2 protein chains.
Amino acid sequence: MVDHSAAGSDRKPDAALDRTLGALADPTRRAIVAGLRRGPATVSEVARPFPISLYGVSKHVRVLERAGLVHREVRGREHHLSLRAEPLRALSDWLDGYAAFWEERLDALERELAEDRRGD
Amino acid sequence: MVDHSAAGSDRKPDAALDRTLGALADPTRRAIVAGLRRGPATVSEVARPFPISLYGVSKHVRVLERAGLVHREVRGREHHLSLRAEPLRALSDWLDGYAAFWEERLDALERELAEDRRGD
DNA sequence: AGTACCCTCAACCATATGGTTGATCATTCG
DNA sequence: CGAATGATCAACCATATGGTTGAGGGTACT
């Protein structure tokens with residue numbers, strides 16, 4: 001019997017990471033997140049810089065919200081959005097699992113570059 | 001005139017980051033990457049743990065390849081795949097722009113939790 | 001030569017994604 | 001009250017995504 005559960009070392013597929021990475025994969029959404037880093041803002045405020053419709057941005061915001069990256073606080077008719085850090089931290093933790101790998105590779109790269117310079 | 005170019009502090013939309021995040025947003029592809037962390041492998045070897053067709057995996061590999069996360073070396077009839085570190089490092093660098101933010105927020109969260117405990 | 005093996009290609013399918021628009025709901029303001 | 005504002009909803013559209021299958025192209029084994 002083939003073991004389908006251990007394709008590497010990821011225990012469970014981790015749907016939260018799916019949503020975080022998926023949400024951040026869109027440049028508009030990354031820009032929204034970048035804007036929100038400066039502090040909370042309403043949907044209209046967040047939408048202003050973008051050339052797409054308000055509702056277009058609204059949909060992006062909902063994706064970010066489902067990923068837990070953005071928190072919405074309805075205050076009267078305004079929806080105040082703020083950046084939530086946890087998913088970013090989780091992503092960073094996941095990435096840390098590869099830090100050792102890329103540092104190794106980078107050492108190797110540096111060695112290669114040193115050789116290339118010598119032969120240049 | 002509205003400035004559409006500075007929606008935050010992202011200079012250019014950065015299509016490379018789009019591809020990296022998009023590639024990693026899929027659990028199968030993350031599992032492939034995780035497997036490749038141990039060292040190079042052929043497409044069939046990479047595909048073995050997954051319940052989908054070989055070509056299904058092959059298509060995932062191509063996505064990873066276009067994102068620069070995987071390098072392919074055709075050796076006879078076998079395609080040897082290896083993990084490339086640069087996109088992961090670039091992602092880490094991008095994330096670092098938020099490290100300060102989430103550390104702040106985490107401090108705030110801890111304070112709030114302390115208050116919640118007291119009021120519980 | 002002939003067969004088995006590794007992998008990709010072409011075509012197809014279902015669903016998800018990113019975008020639009022007009023209508024609608026709720027709230028604030030004159 | 002009535003009008004403007006902030007945001008969502010419903011419907012729609014085009015394209016991308018993740019999966020399948022059968023066929024085919026090279027490469028290796030005997």
Side-chain angles (χ1 to χ4, degrees), chain A residues 2 4 7 10 13-36 40-67 69-82, chain B residues 2 4 7 10 13-36 40-67 69-82:
Chain A
V2 185
H4 285 170
D10 281 0
D14 202 347
L17 210 43
D18 284 15
R19 285 191 294 269
T20 301
L21 287 161
L24 294 175
D26 182 276
T28 300
R29 286 194 293 261
R30 278 203 308 283
I32 290 173
V33 165
L36 245 27
T42 68
V43 174
S44 298
E45 286 165 356
V46 158
R48 191 159 23 223
F50 301 101
I52 67 178
S53 73
L54 172 65
Y55 192 53
V57 172
S58 175
K59 283 164 90 176
H60 280 304
V61 166
R62 197 165 42 196
V63 171
L64 290 167
E65 200 181 4
R66 266 182 291 180
L69 281 159
V70 159
H71 176 248
R72 182 191 307 258
E73 192 205 339
V74 180
R75 208 184 305 169
R77 63 183 167 184
E78 304 177 326
H79 294 205
H80 292 253
L81 310 173
S82 55
Chain B
V2 184
H4 284 172
D10 283 359
D14 203 345
L17 211 42
D18 285 14
R19 284 190 295 270
T20 301
L21 287 162
L24 294 175
D26 181 276
T28 301
R29 285 193 294 261
R30 278 202 309 284
I32 291 173
V33 165
L36 246 25
T42 67
V43 174
S44 298
E45 285 166 357
V46 158
R48 191 158 24 223
F50 302 101
I52 68 179
S53 72
L54 172 65
Y55 191 52
V57 173
S58 174
K59 281 163 91 176
H60 280 304
V61 167
R62 196 167 42 196
V63 171
L64 290 167
E65 199 180 3
R66 265 182 291 184
L69 281 159
V70 158
H71 174 250
R72 180 191 308 257
E73 191 205 341
V74 180
R75 207 185 306 167
R77 62 183 168 181
E78 303 177 323
H79 294 204
H80 291 253
L81 308 173
S82 56

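No hydrogens, no waters, no symmetry mates; every other heavy atom, side chains included, goes into these values. So you know, we letter chains A, B, ... as the sequences are listed, proteins then strands, and number each from 1. If you're wondering where the values come from, they're calculated on a predicted model, not measured in any experiment.
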Side chain to side chain donor-acceptor pair (under 3.5 Å) involving R72(B) - partner list, sequence neighbours excluded:
E65(B), H79(B)
Atom-to-atom span, CG of L21(A) to C1' of dT17(D) - whole angstrom
16 Å
Interatomic distance, D18(B) CG vs dT17(C) P [rounded to whole Å]:
15 Å
Does OP1 or OP2 of dC6(C) have a side-chain N or O of H79(B) closer than 4.0 Å?
no
With a 4.0 Å cutoff (strictly under), does any side-chain N or O of S58(A) reach OP1 or OP2 of dT8(D)?
yes
Nearest-Å distance for atom pair CD/C1', residues E78(B) and dC29(D)
13 Å
Kindly say if R62(A) contacts the phosphate of dT17(C), meaning a side-chain N or O under 4.0 Å from OP1 or OP2.
no
Interatomic distance where CZ belongs to R72(B) and C1' belongs to dC7(C) [whole Å]
9 Å
Only distances under 3.5 Å count here; give the side-chain donor-acceptor pairs of residues 51-61 of chain B to other protein atoms, sequence neighbours excluded, each with its distance to 0.1 Å.
from   : atom 1 : to     : atom 2 : distance (Å)
S53(B) : OG     : G56(B) : N      : 3.0
H60(B) : ND1    : R29(B) : NH1    : 3.1

Take the protein atom CZ of R48(B) and the nucleotide atom C1' of dC7(C), then report the distance between them rounded to whole Å.
15 Å
Partners of A25(A) by side-chain contact (heavy atoms from CB on, under 4.5 Å), sequence neighbours excluded?
L21(B)
How many angstroms lie between atom CG of L64(A) and atom OG1 of T20(A), to the nearest 0.5 angstrom?
10.0 Å
Rounded to whole Å, how long is the line connecting atom CD of E73(B) with atom P of dC6(C)?
18 Å
For nucleotides 19-30 of chain C, 5' to 3', base contacts (B), sugar-phosphate-only contacts (S) and non-contacts (-) with protein non-hydrogen atoms under 4.0 Å give BBB-----BS--
Which residues pass the side chain to side chain donor-acceptor pair (under 3.5 Å) test with H80(B), not counting sequence neighbours?
E78(B)
Round to a whole Å and report the spacing from CZ of R19(A) to P of dA16(C).
14 Å
So do D26(B) and D18(A) actually touch side chain to side chain, heavy atoms under 4.5 Å?
no
